[in-house]
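Order of the sequence lines sets the chain letters (A, B, ...), proteins ahead of strands, with each chain counted from 1. Just so it is clear, the structure is predicted and the values come from calculations on it, not from any experiment. We use all heavy atoms of the structure for the numbers below, so side chains are in, but hydrogens, waters and symmetry mates are not.
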2 protein chains.
Amino acid sequence: MVKKKETKALDTTTEEKIKAAARVVFHKKGYAATRTRDIAGEAGINLALLNYYFRSKEKLFETIMFETVFGFMQNMALVLNDEKSSLEKKVELIASYYIDFITKEPNIPIFMLSEIRNNNAGGLLERLPIKQLVMNSAFFKQHQEAVAKGKIAEPNPLHFLMNLLSLVVFPFIAMPLLQGIGGLNEKQFNQLMQERKRLIPVWIKAMMKAK
Amino acid sequence: MVKKKETKALDTTTEEKIKAAARVVFHKKGYAATRTRDIAGEAGINLALLNYYFRSKEKLFETIMFETVFGFMQNMALVLNDEKSSLEKKVELIASYYIDFITKEPNIPIFMLSEIRNNNAGGLLERLPIKQLVMNSAFFKQHQEAVAKGKIAEPNPLHFLMNLLSLVVFPFIAMPLLQGIGGLNEKQFNQLMQERKRLIPVWIKAMMKAK
DNA sequence: GTCTATAGGGGGATAGAC
DNA sequence: GTCTATCCCCCTATAGAC
């Protein structure tokens, strides 16, 4: 649509600068509270230029939203579908990867979840093959096998997945509350999350045998 | 500030109608996306009247936000501080109560958490004595005792609390995603949550012994 | 207390010069 | 491609009649 960088030195095309700024502001404030002027300011460019590259606030948002959700999901997809790693290993990998990821981008979970709730993000969930991705994954097959062998008590794989995501993601979403309760600063909070990389796999293992 | 109902038949004073409407709209869309016109419409009154009762959108929001957070917390406070019930019982009570509560009001968790993140909700967290409430609770004392007796492996009570809240609250926040993954309708989703009333206490018990 | 009408300002988008 | 200036709608809030 606009000039295509051939071998542009650093990814500092204007388009990329605007997207980077939009990511920051949208992730932090959400669609409704974001002012296009703030994005332009953050990007160090003029408001008119934003509309030149992306026709509207909404188009820009859709771009950012799609890339954010896609970026979040793709690692999950990779891990869940790896035939070689065990179920235990998958739990470890997901806990470890996402705790680091969200520590760096702490606004992403609540951003995604609240925007998806508000407007279903323009049918984003329908466009991404989430259901097949998860339901046909090696993860689900391994879970079924473990249930069949009596190694896992709770037969519903959705509970398994919910539990894993809950333990990994929720503390970040509730961070301000937990910092308030525990009187933690950011560093101490992150330290707690690092501990959870080791703890969550242990916990999940114990939970799933219980009945 | 306005007329005080003496023994008003049903709580259908205009003020209460506006607040009820504001709750619905704010909880669903959040502060920034809410239009005062929508609230007035939902309440079946005129826009001007809204400003007559509550001086501004922000004042109305603060009222709703405070009552929402307070309403959410007060049961937690009651349960956590009950000296008579055991730690196990507390877990049961919280899981059971909040699963029912959030099933009826599914927008509340993400509403509270995203508004608190956005603007700290006008220092709401500082005004409510959350920290003392939790840190001095019977819940925390019982947790410490259990750790001392070797009944609980993980000594940090924040992990315990995070885990409990995660398992209870997160599935609701991620509901659209989980419905997409599992292909569930609302009824089936609620069924899953009902199962968790029984499962979460079992899981928590198993987790906390694990190391 | 409740309404209609309108002021006032903010924010998304565009025209047009460079 | 990038800027300045500006349009215009929408939203909050208020004035004033009843």
Sub-3.5 Å pairs of nitrogen or oxygen atoms, protein against nucleotides 8-11 of chain C:
none

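In terms of modelled atom types and a separation under 3.5 Å, the side chain of B:Lys90 and the main chain of B:Ser85 share a donor-acceptor contact.
Straight-line distance from the CG atom of A:Asp38 to the C1' atom of C:dG12: 13 Å, rounded to whole Å. The distance between atom CZ of A:Phe54 and atom C1' of D:dT2, rounded to the nearest whole Å, is 15 Å. The nearest whole Å value for the distance from the CD1 atom in B:Ile39 to the P atom in D:dA13 is 10 Å. In this structure, CD1 of A:Ile18 is placed 13 Å from C1' of D:dC3, rounded to the nearest angstrom.
Remark: A:Phe72 pairs with A:Tyr98, A:Phe101 by the ring pair (Phe, Tyr, Trp, His ring centres under 6.0 Å) rule, at least two apart or across chains. Remark: B:Asn81 engages no residue in a side chain to side chain donor-acceptor pair (under 3.5 Å) (not counting sequence neighbours). Partners of B:Glu154 under the side chain to side chain donor-acceptor pair (under 3.5 Å) rule, at least two apart in sequence or in another chain, do not exist in this structure. In terms of the ring pair (Phe, Tyr, Trp, His ring centres under 6.0 Å) criterion, residue partners of B:Tyr31 (sequence neighbours excluded) are, by chain and number, B:Phe61.
At a non-hydrogen distance threshold of 4.0 Å, A:Leu47, A:Ala48, A:Asn51 from residues 42-51 of chain A come into contact with DNA chain C.
Between A:Tyr52 and the phosphate of D:dC3, there is no side-chain N or O to OP1/OP2 separation shorter than 4.0 Å.
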Side chains of residues 129-137 of chain B: which donor-acceptor partners sit under 3.5 Å, not counting sequence neighbours?
| from | atom 1 | to | atom 2 | distance (Å) |
| --- | --- | --- | --- | --- |
| B:Asn136 | ND2 | B:Gln132 | O | 3.3 |
| B:Ser137 | OG | B:Val134 | O | 2.7 |
| B:Ser137 | OG | B:Phe140 | N | 3.2 |

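For residues 39-50 of chain B, no pair satisfies salt bridge (Lys or Arg N to Asp or Glu O under 4.0 Å), with sequence neighbours left out. Within the structure, salt bridge (Lys or Arg N to Asp or Glu O under 4.0 Å) contacts touching residues 177-205 of chain B (residues at least two apart or in different chains) are B:Asp100-B:Lys197.
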